[in-house]
Amino acid sequence: MNIENQEDFIEKVSKLNDGKNMKYSVYTMGCQLNENDSEKISGMMEKMKYSNTTKIEEADCIIFNTCCVRENAEDKLFGKLGEVKKYKELKGTIIAICGCMMQEKHIVEKIKKSYPFVDIIFGTHTIHKLPEDLYTALCSNKNVIDILDIDGEVIEGLPIKRNDRAKASVTIMNGCNNFCTYCIVPYVRGRERSRSPENIINEIEELARAGYKEITLLGQNVNSYKGNGSLGITKFSELLRAVNKINGIEKIRFISPHPKDFTDDVIDAIRDCDKVCKMIHLPLQSGSSEVLKKMNRKYTKEQYLNLVHKMKSRIPNLTLSTDIIVGFPEETEEDFKDTLDVVDKVNFEQVFMFIYSRRVGTPADKMEKQIPDEVKHERFNRLKSLVESKIVENNKKYIGTIQDIIVEGRSKTNNNMLTGRTDSNKVINFEGDDSLIGKAIKIKIISEHMWYLKGEVV
Ligand code: SF4
């Protein structure tokens, strides 16, 4: 499906905006898939003659792209809505909300009741209809609610405004079939739908022609990607090999794979493809087989460790990162010690740690023995100490090494430095001028810090 029927509305909104210097702001909450959706929203807005502003008070249209994975995302959104209400009252700013939180009925009800000034609510399956919804809101002064409960089709051909000059994310599939018991994603993003290999490869070839050097393939569960056979591609390993052949692309990353679907052909493709970073993000979630069963993760502690062993023995210099949830319902001290044990054994390069938070509508929310907050925090702090001690140990190996990086831009934390990342996804900051941005260069690492490395151009 593509967006041809939206071209009319793009045209109509553009006419309304002619000569008016209209501005928009997109506020993105959530994961890289959401960020990629926001780039598409920005692409559509710019086609409708809005220009971007980071000053929310200047915007004529404010769009919140929400995420429902973490609980405090709701508080954040409602706080922001309280803040922007004054712009609606002062100058009639259009307020729109989209993203996975809008697929949750109780949230939409709350917005309708408590924030009636919101003009447009659209869901994850109707993002492409923004031009039509915006035109209706602008012309009719009515609230527009455009949400599909059923799984939407894969939408192709949306305009896109990339945030970066050197690296780009490409969504290869939407949705998830796994139903981990703590996760709301399958309920809000629907079942897995893979994009056609031809469309993915065309998009990446276009990015390469535009000078992009690093590609991240995105999906909730990338290694269950199923190609429709176009270009002879039916599975993820074949897609990786095809992307690896694209001239101009120098680094390929992907997130997130699921350990249960990590087949040998994917491991071999990572090993064989020179552009694929030898770094795998392999979400563990818990080191306890008991907890993993309750999470419906479909692997045990032993299976996870065996998989890691196999990957490390087949892929030289492989590094791993992971996600861990602390304080899942019924997690005992022994279960938690199993998590610490896996962290100790695997030596992850990065660990994204989360304290379990209940999500309405998930099976884990209904489990009786929820863990008290103080226990969750105490365990989280113990895990954090172990992870940090491992990071300090790991970082030392980088000193004096030469790293091939793509220069991404100015560091977000220090505007005097440029930034890039190792293949293992460690941030490197170094001095240099803007002419290096977007280039592939070599950096010598001169010092290590907890969350980044410092280097100098070779
Ligand atoms: S694999 Fe599990 S955690 Fe990941 S999106 Fe699917 S249900 Fe959620």
Side-chain angles (χ1 to χ4, degrees), residues 29-37 65-74 99-104 107 123-125 151-152 154 169 171-195 216-226 235-236 253-263 266 280-301 303-304 307 320-329 331 339 342 348 350-367:
M29 302 154 163
C31 64
Q32 272 181 278
L33 277 160
N34 251 29
E35 279 172 21
N36 193 231
D37 280 349
N65 187 7
T66 64
C67 163
C68 60
V69 175
R70 304 277 150 225
E71 199 162 29
N72 66 7
E74 288 171 21
C100 19
M101 214 189 274
M102 297 308 106
Q103 298 293 138
E104 293 185 282
I107 301 279
T124 48
H125 310 309
D151 300 350
V154 177
S169 300
T171 299
I172 62 165
M173 61 187 300
N174 288 308
C176 180
N177 295 349
N178 289 320
F179 291 94
C180 300
T181 55
Y182 52 84
C183 182
I184 194 80
V185 165
Y187 306 93
V188 296
R189 291 235 170 215
R191 297 297 72 72
E192 286 172 3
R193 285 136 9 244
S194 295
R195 288 181 69 199
T216 301
L217 305 175
L218 294 180
Q220 301 293 350
N221 196 3
V222 283
N223 49 346
S224 35
Y225 172 80
K226 285 184 188 60
K235 50 189 181 176
F236 186 58
R253 301 179 193 268
F254 57 88
I255 49 169
S256 284
H258 194 301
K260 78 174 169 54
D261 298 317
F262 227 111
T263 46
V266 178
I280 298 173
H281 182 72
L282 194 66
L284 168 67
Q285 309 304 7
S286 169
S288 153
S289 297
E290 264 310 297
V291 173
L292 287 168
K293 199 167 165 200
K294 289 170 190 161
M295 287 176 162
N296 193 30
R297 291 291 292 172
K298 301 195 178 86
Y299 53 86
T300 62
K301 173 185 180 183
Q303 285 167 332
Y304 186 93
L307 176 62
L320 289 150
S321 65
T322 199
D323 296 328
I324 293 176
I325 298 172
V326 175
F328 187 77
E331 181 189 71
T339 298
V342 177
F348 294 107
Q350 269 177 309
V351 180
F352 299 92
M353 298 169 279
F354 304 95
I355 291 178
Y356 170 75
S357 67
R358 300 171 77 161
R359 310 303 303 124
V360 175
T362 60
D365 180 43
K366 298 188 191 87
M367 290 180 185

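All values below were derived from every heavy atom in this structure, side-chain atoms included, with hydrogens, water molecules and symmetry-related copies excluded. Note that ligands are numbered from 1 as they come in the structure, with each ligand's atoms numbered from 1 the same way. Everything numeric here is computed off the predicted structure, so don't read it as measured data.
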Measure the acute angle between the ring planes of Tyr182 and Phe328, then classify it against the limits of 30° and 60° as parallel, tilted or perpendicular. perpendicular

Derivation of the side-chain contact (heavy atoms from CB on, under 4.5 Å) call for Leu217 and Tyr225: CA-CA 11 Å; Leu217 305 175; Tyr225 172 80; over 6 Å; no

Please write down residue, atom name and distance for the protein heavy atom closest to atom 1 (S) of ligand 1. Asn178 ND2, 3.4 Å

Element-labelled atoms of ligand 1 that are located less than 4.0 Å from some non-hydrogen atom of Phe179: 7 (S)

Roughly how far apart are Cys67 SG and Glu74 CD, rounded to 0.5 Å? 10.0 Å

Atom 3 (S) of ligand 1 - nearest protein heavy atom and its distance: Tyr182 OH, 3.4 Å

Let's go through Ser169 and Asn36 carefully: what are the C-alpha distance in whole Å and the side-chain angles of both, what is the deciding distance for side chain to side chain donor-acceptor pair (under 3.5 Å) to 0.1 Å, and is it a yes or a no? CA-CA 7 Å; Ser169 300; Asn36 193 231; 5.2 Å; no

Just which atoms of ligand 1 are under 4.0 Å from any heavy atom in Cys183? 3 (S), 5 (S), 7 (S), 8 (Fe)

Check: Arg193 side chain, Gly175 main-chain N or O, donor-acceptor pair, under 3.5 Å: no

In terms of its nearest heavy atom to atom 4 (Fe) of ligand 1, the top option of Glu192, Met295, Gln220 is Gln220

Considering the heavy atoms of His258, write down every atom of ligand 1 situated less than 4.0 Å from one of them. 1 (S)

CZ-OG1 distance between Phe348 and Thr322, expressed to the nearest 0.5 angstrom: 4.0 Å

Kindly confirm whether atom 2 (Fe) of ligand 1 is within less than 2.8 Å of some N/O/S atom in Cys180? yes

Look at ligand 1 and say whether Gln285 reaches it with a heavy atom at a distance under 4.0 Å. no

Here the atoms of ligand 1 under 4.0 Å from any heavy atom belonging to Val185 are 5 (S)

May I ask you to list the atoms of ligand 1 that are less than 4.0 angstrom from any heavy atom of Pro186? 7 (S)

Under 4.0 Å from a heavy atom of Cys176: give me the atoms of ligand 1 that qualify, with their elements. 1 (S), 5 (S), 6 (Fe), 7 (S)

Whether Asn223 side chain and Phe236 backbone form a donor-acceptor pair below 3.5 Å: no

As a test of understanding, state which of Cys180, Ser286, Pro259 forms a side-chain contact (heavy atoms from CB on, under 4.5 Å) with Leu292. Ser286

